[in-house]
Amino acid sequence: MRKIFLSLLLMGAVATVANAQTEFANIDLPMNRAEDLVTVADESGNVVIYFYQGGKLNFSLLSPDGKQIAQHEIPYRMSQEPQILGTRVTDDEFIFYSRYTNGRREYVRPFAVHRRTGAFRSMQDEQLQVARNANFLGGFGNKEHFYMLYTDKDNNLHLYRDTDEEAARLEHRVFKPELPRTRDRYARETDLIYVSDDIEQNVFTGHHRSKIYIRGEKIHMIFDGFDLKGKGNKEATTEILTLDWSTGETNYRTLPAVKQGSEPTFNSFLHKDKLFRVQLEKDQFKLTAFDFNTLKPIKEYAYSGDEEIAIKSTPVQQRGAKSLFSSDKSVIEKTSKVMKNLANGVPAITVDAFSDSTLQLTIGSYKAPSERNGRDDMGRMVRTPDRYIRTSRGLMMVPGRWTPAYNIPTYYLNSPFYSRYFYDPYGQGSGFNSGPGTSTYFRSVLSADGLAKVESKAESEVLQEKIENFEQDLKPEPEFKTVYRYGDKLHYGYYDRKARTFRIMEFAHGQEPEKKE
């Protein structure tokens with residue numbers, strides 16, 4: 001029955017997909033491994049595509065109409081792969097910041113591509129004066145500045161930022177926030193994620209409970225639902241830590257506490273001057289919008305029991321790896337199951353706006369896959385690598401095969417060297433979570449002013465929903481993909497391995513179908 005329903009659902013989506021997107025660009029890219037693929041767009045519509053492969057930096061620059069202006073393949077520093085931390089768009093260039101460590105010395109290595117000509121420029125390394133007891137937390141940046149964040153054993157925060165005069169030179173500030181200790185040390189720091197304008201609107205990105213936002217000269221760090229020392233474990237709150245770069249001062253604020261057990265039950269997301277917090281439990285749903293300056297509530301939606309969640313603009317969907325060869329998407333229709341499934345994971349919320357009149361919210365939860373390793377599940381299926389053997393007629397390939405892990409010596413599965421040759425979707429003996437996890441979510445479109453649900457069909461279009469429908473119809477599902485903002489549109493880039501082509505599809509509101517010539 002489920003397969004019949006999914007088939008009908010996909011048939012209904014075909015008509016939607018036909019007029020939901022247009023092809024923006026089609027570029028030949030000789031990529032083999034593009035896990036570090038980076039795309040950056042400016043306000044004029046120029047786009048640069050970057051990836052690292054074979055000891056070389058690869059760049060392609062696209063014009064606002066999708067035409068390729070330049071393409072470079074540049075040998076890079078003794079084949080040392082750059083660790084890209086963040087990007088910036090200046091008046092003239094796209095700047096990529098990478099980090100390099102040599103013993104206790106740390107360097108920032110920027111390189112740039114001209115926004116209009118595509119000319120490449122490598123900049124001088126900048127050595128950072130990092131304290132011995134400081135640990136690197138991450139790098140992030142927006143159009144104005146690039147930042148690097150460290151913390152030390154005294155919980156001080158060390159922030160580095162490029163200067164207004166020179167993009168490759170970093171200044172240093174030390175902030176000494178008075179934060180209450182968490183029960184697990186460094187709990188807040190281990191889940192940090194930077195929220196940029198290009199962040200994907202899904203519950204995987206929204207479920208992180210430590211988020212960083214940049215607002216002018218201020219860095220806002222928002223933490224949700226962490227157990228604090230001496231506070232007991234029956235209540236938790238949303239903590240807001242603000243770092244003011246211009247003054248060097250910090251400010252700590254909290255929202256009203258929420259009852260919480262051993263598992264997180266709420267999460268938040270900052271959009272412009274509004275802070276949205278969602279609380280999910282098996283029999284309760286609450287969405288509250290706060291004024292970020294005063295922290296006073298300005299709108300609240302609350303539902304309980306089997307009550308229908310009236311602010312939904314889409315059905316509640318669930319995505320996750322059910323098994324190796326079955327569909328991983330389903331729709332939850334029964335009202336009695338909606339809240340129960342939504343609460344089965346870490347609560348998540350993201351907010352985006354493609355016009356001045358509406359906001360698009362993604363609300364739900366994300367449940368990480370359970371830990372697996374080679375010792376715990378030797379019955380899992382593993383694909384062996386392709387092999388080449390010599391015969392009288394020359395070299396012949398013997399394709400790999402699916403086989404239970406117990407047929408392969410443990411030495412090979414757990415070896416850092418040999419394990420990379422096996423396709424092991426359920427874990428390679430590392431003990432880390434594996435697989436996509438389970439995402440349960442719906443989307444809501446609210447008015448930007450009064451935060452009321454938008455009933456108009458035209459205004460309630462959700463671009464991320466269009467992308468997911470398009471992606472589901474791609475066979476096979478692309479190995480490498482990226483989503484970024486393009487004015488009031490979304491661009492979805494994916495790698496077509498068979499054609500060795502990188503394709504960029506454009507999604508917009510009220511898009512007309514492409515005319516076939």
Side-chain angles (χ1 to χ4, degrees), residues 24-27 29 31 34-53 56-74 76 81-99 108-123 138-148 161-162 166-168 170 193-201 205 212-214 352 354 463-464 467 478 480-495 502-508:
F24 174 75
N26 187 328
I27 312 163
L29 287 184
M31 291 192 295
E35 287 85 351
D36 294 327
L37 180 71
V38 178
T39 57
V40 189
D42 63 18
E43 69 280 358
S44 302
N46 298 292
V47 182
V48 64
I49 301 171
Y50 157 82
F51 66 95
Y52 176 84
Q53 180 175 282
K56 297 178 181 178
L57 309 176
N58 292 266
F59 294 95
S60 294
L61 180 66
L62 305 181
S63 65
D65 57 357
K67 300 295 177 59
Q68 184 169 291
I69 299 174
Q71 188 171 26
H72 298 296
E73 186 180 76
I74 302 166
Y76 187 70
E81 181 174 358
Q83 178 188 357
I84 301 296
L85 302 177
T87 60
R88 265 197 67 203
V89 182
T90 65
D91 293 339
D92 298 316
E93 294 177 312
F94 296 101
I95 303 179
F96 295 78
Y97 292 87
S98 67
R99 175 175 175 245
V108 177
R109 288 181 166 177
F111 45 85
V113 173
H114 198 276
R115 287 170 52 180
R116 289 169 289 276
T117 66
F120 173 82
R121 180 169 72 100
S122 181
M123 304 181 195
F140 52 95
N142 60 2
K143 293 182 179 179
E144 284 74 35
H145 292 286
F146 170 73
Y147 298 83
M148 294 180 71
R161 193 183 85 170
D162 61 333
E166 180 57 52
L170 274 67
I193 183 174
Y194 167 59
V195 178
S196 70
D197 292 336
D198 289 333
I199 192 170
E200 289 192 52
Q201 302 298 306
T205 55
I212 300 176
Y213 305 83
I214 302 176
D352 202 358
F354 290 90
L463 295 186
Q464 188 71 30
I467 288 178
F480 312 119
K481 54 194 174 183
T482 183
V483 179
Y484 59 92
R485 290 290 296 268
Y486 196 75
D488 59 350
K489 306 177 181 65
L490 277 183
H491 276 190
Y492 173 82
Y494 69 97
Y495 187 56
F502 188 76
R503 305 182 190 277
I504 300 178
M505 308 302 295
E506 184 174 276
F507 295 80

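All values below were derived from every heavy atom in this structure, side-chain atoms included, with hydrogens, water molecules and symmetry-related copies excluded. Because the structure is predicted, anything quoted here is derived from the model rather than measured.
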Evaluate the side-chain proximity of R485 to D352: yes if any heavy-atom separation is below 4.5 Å, no if none is. yes
With a 3.5 Å cut-off and no angle check, do the side chains of E506 and H491 form a donor-acceptor pair? yes
With side chains defined as the heavy atoms from C-beta onward, is the minimum distance between L62 and I504 less than 4.5 Å? yes
With a 4.5 Å cut-off on side-chain heavy atoms, are Y97 and R99 touching? no
Is the closest side-chain heavy-atom distance between Y486 and P64 below 4.5 Å? yes
Any heavy-atom pair between the side chains of M123 and I95 that's under 4.5 Å? yes
Could you pull out all residues at least two apart from T482 that satisfy side chain to side chain contact (heavy atoms under 4.5 Å, CB included)? L37, T39, F502
In terms of ring plane angle, is the pair F111 and F96 parallel, tilted or perpendicular, where the classes change at 30° and 60°? parallel
Just wondering, do L29 and N58 contact through their side chains at under 4.5 Å, heavy atoms? no
Ring-plane angle category for Y52 and Y76, please: parallel below 30°, perpendicular beyond 60°, tilted otherwise. perpendicular
Side-chain heavy atoms of V113 within contact of V40, under 4.5 Å: no
Listed partners of E200 passing salt bridge (Lys or Arg N to Asp or Glu O under 4.0 Å), at least two apart: none
If we ignore hydrogens and angles and just use 3.5 Å, is the side chain of R116 paired with the main-chain N or O of D92 as donor and acceptor? no
Candidates R121, H114, R115 - the one meeting side chain to side chain donor-acceptor pair (under 3.5 Å) with E93: R121
